[in-house]
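See below for the structure under consideration.
Atoms within each ligand, like the ligands themselves, are counted from 1 in listed order. Predicted model only: the values in this text are computed from it and were never measured.
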Amino acid sequence: MKKNKISKNWVNKQRRDIYVRQSKVHGYRARSAYKLIEIDEKFKIFKGGLSVIDIGAAPGSWSQYTLKAAKSGKLISIDLKKMEPIGNSVQIQGDFTEERTQEEIKKNINGKVDVVMSDMAVDTTGIKDIDSIQTGELCKEAMFFAKDLMKENGYFISKIFMGGTFNEIVAEGKKYFKEVKVFKPKSSRKDSKESFIICRKIR
Ligand SMILES: C[S@@+](CC[C@H](N)C(=O)[O-])C[C@H]1O[C@@H](n2cnc3c(N)ncnc32)[C@H](O)[C@@H]1O
């Protein structure tokens with residue numbers, strides 16, 4: 001398929017998409033907000049005063065929802081890309097997989113945090129196994145980082161792609177957390193292999 005045909009299809013899909021329209025009405029920067037909202041509706045994670053780390057945060061809709069739902073808590077948002085400011089959150093621009101970015105995050109937290117969440121994704125190739133492996137590696141890195149920084153009852157939430165690495169990631173999650181669930185929100189596109197892992201209670 002030619003490139004301009006693909007982008008025309010993408011534009012048409014966006015126009016028809018109810019979550020794209022809703023995000024404009026509610027002032028969210030991306031339709032991704034509704035995935036986190038559905039996760040929160042199901043698992044009842046966010047409440048006032050939580051401290052949250054949002055990895056792969058740009059353009060910022062998860063962080064926007066977090067600030068609304070975890071009023072007066074602390075939020076640190078990290079991304080490769082620069083983001084427009086979001087309330088009083090701390091923003092770190094950098095590659096999460098680099099040690100210096102992780103050190104900078106640690107410098108910005110006092111004690112342990114309630115939620116670490118990652119919506120990090122590389123640009124998808126459309127090749128199922130490659131997308132699953134690349135996103136899986138980012139998820140594992142975030143999980144490894146999170147387990148030492150989280151309160152005992154804290155939550156770790158991460159995007160994963162169904163495919164070759166799925167079982168390995170769930171097994172890794174079970175090594176560090178007592179509760180591990182996988183959930184695909186309705187707002188996650190049906191034709192996408194995307195899903196989310198929700199882990200709770202550090203072992
Ligand atoms: C699906 S978007 C996140 C959308 C976001 N949750 C929201 O609600 O606006 C994925 C993001 O992951 C970021 N990302 C990918 N690899 C990263 C890395 N190694 N370090 C930091 N951010 C990364 C991308 O730059 C991109 O902005």
Side-chain angles (χ1 to χ4, degrees), residues 10 13-14 17-41 43 45-46 50 52-70 75-87 89-108 115-126 130-146 149 155-162 165 169 183-198:
W10 185 84
K13 213 167 160 184
Q14 289 289 98
D17 186 313
I18 180 175
Y19 298 104
V20 172
R21 282 188 269 138
Q22 262 186 36
S23 59
K24 296 208 166 82
V25 174
H26 296 150
Y28 286 117
R29 295 177 187 177
R31 72 188 290 295
S32 316
Y34 298 99
K35 300 175 198 171
L36 186 63
I37 292 171
E38 282 186 64
I39 291 170
D40 193 25
E41 277 166 4
F43 296 94
I45 298 171
F46 291 95
L50 297 187
V52 180
I53 299 177
D54 181 10
I55 313 169
S61 75
W62 280 27
S63 288
Q64 287 179 295
Y65 175 71
T66 300
L67 277 193
K68 271 192 204 169
L75 171 64
I76 304 174
S77 313
I78 303 100
D79 204 283
L80 290 168
K81 297 176 199 147
K82 195 167 164 50
M83 280 171 280
E84 292 296 318
I86 304 169
S89 67
V90 174
Q91 296 189 346
I92 298 172
Q93 186 179 4
D95 182 343
F96 173 72
T97 61
E98 286 181 6
E99 204 183 322
R100 62 180 167 171
T101 310
Q102 299 190 4
E103 287 307 315
E104 204 177 331
I105 299 171
K106 287 181 193 162
K107 270 194 240 151
N108 276 283
V115 180
V116 177
M117 55 193 189
S118 165
D119 196 23
M120 273 189 292
V122 290
D123 291 337
T124 47
T125 60
I130 294 181
D131 293 341
S132 163
I133 290 167
Q134 287 182 331
T135 306
E137 286 307 312
L138 291 173
C139 169
K140 280 198 278 181
E141 177 96 26
M143 191 187 280
F144 194 73
F145 173 79
L149 296 181
Y155 278 93
F156 172 73
I157 305 165
S158 176
K159 186 200 287 293
I160 52 173
F161 272 67
M162 305 309 271
T165 58
I169 290 170
F183 175 61
K184 180 163 174 87
K186 283 205 280 296
S187 50
S188 174
R189 297 186 199 274
K190 285 192 185 59
D191 55 0
S192 157
K193 294 280 168 201
E194 173 191 72
S195 199
F196 291 86
I197 186 165
I198 293 102

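For ligand 1, the polar-atom distance check against Lys159 finds no nitrogen or oxygen pair separated by under 3.5 Å. Taking only nitrogen or oxygen atoms, main chain and side chain alike, Ala58 reaches within less than 3.5 Å of ligand 1. Looking at ligand 1, you'll find an N or O of Phe96 within less than 3.5 Å of one of its N or O atoms. Geometrically, ligand 1 and Gly60 share a nitrogen or oxygen pair separated by less than 3.5 Å. Residue-to-ligand polar distances place Asp79 within reach of ligand 1: an N/O pair is separated by less than 3.5 Å.
For the pair Tyr34 (side chain) and Ser23 (backbone), a donor-acceptor distance under 3.5 Å is present. Between the side chain of Gln93 and the main chain of Leu80, a donor-acceptor pair closer than 3.5 Å is present.
Using a 4.5 Å heavy-atom threshold, the side chains of Glu38 and Ser187 count as touching.
At a 4.0 Å cut-off, at least one heavy atom of Lys81 sits close enough to ligand 1 to count as contact. At least one heavy atom of Leu80 sits under 4.0 Å from some atom of ligand 1.
The protein heavy atom nearest to atom 10 (C) of ligand 1 is Asp119 O, 3.4 Å. With hydrogens left out, the protein atom closest to atom 8 (O) of ligand 1 is Ser61 OG, 2.5 Å, a heavy atom.
The salt bridge (charged side-chain N to carboxylate O under 4.0 Å, His left out) pairs that include a residue from residues 132-146 are Glu137-Lys140, Lys140-Glu168, where partners are two or more places apart or lie in different chains.
In this structure, the separation between OG1 on Thr135 and CZ on Phe161 is 4.5 Å, given to the nearest 0.5 Å.
Under a 4.0 Å criterion applied to the non-hydrogen atoms of Ala121, ligand 1 contributes the atoms 10 (C), 12 (O), 15 (C). Within ligand 1, the atoms closer than 4.0 Å to a non-hydrogen atom of Ala57 are 5 (C), 7 (C), 9 (O), numbered from 1 in the order shown. Heavy-atom proximity to Pro59, at under 4.0 Å, picks out these atoms of ligand 1: 9 (O). Taking every heavy atom of Gly94 and a limit of under 4.0 angstrom, the matching atoms of ligand 1 come to 20 (N), 21 (C). Every atom of ligand 1 with a heavy atom of Asp95 under 4.0 Å away is listed here by number and element: 18 (C), 19 (N), 20 (N).
Shown here is Lys184, whose NZ atom has more than 12 heavy atoms of other residues, nucleotides or ligands within 6.0 Å.
In this structure, Glu84 does not pair ionically with Arg29, as no charged nitrogen and carboxylate oxygen lie closer than 4.0 Å.
When all heavy atoms of Leu36 and Thr66 are compared, the pair lying nearest together is CD2-OG1, 4.0 Å.
Looking at residues two or more places apart in sequence or on another chain, you find no side-chain hydrogen bond (donor to acceptor under 3.5 Å, both in side chains) involving Lys106.
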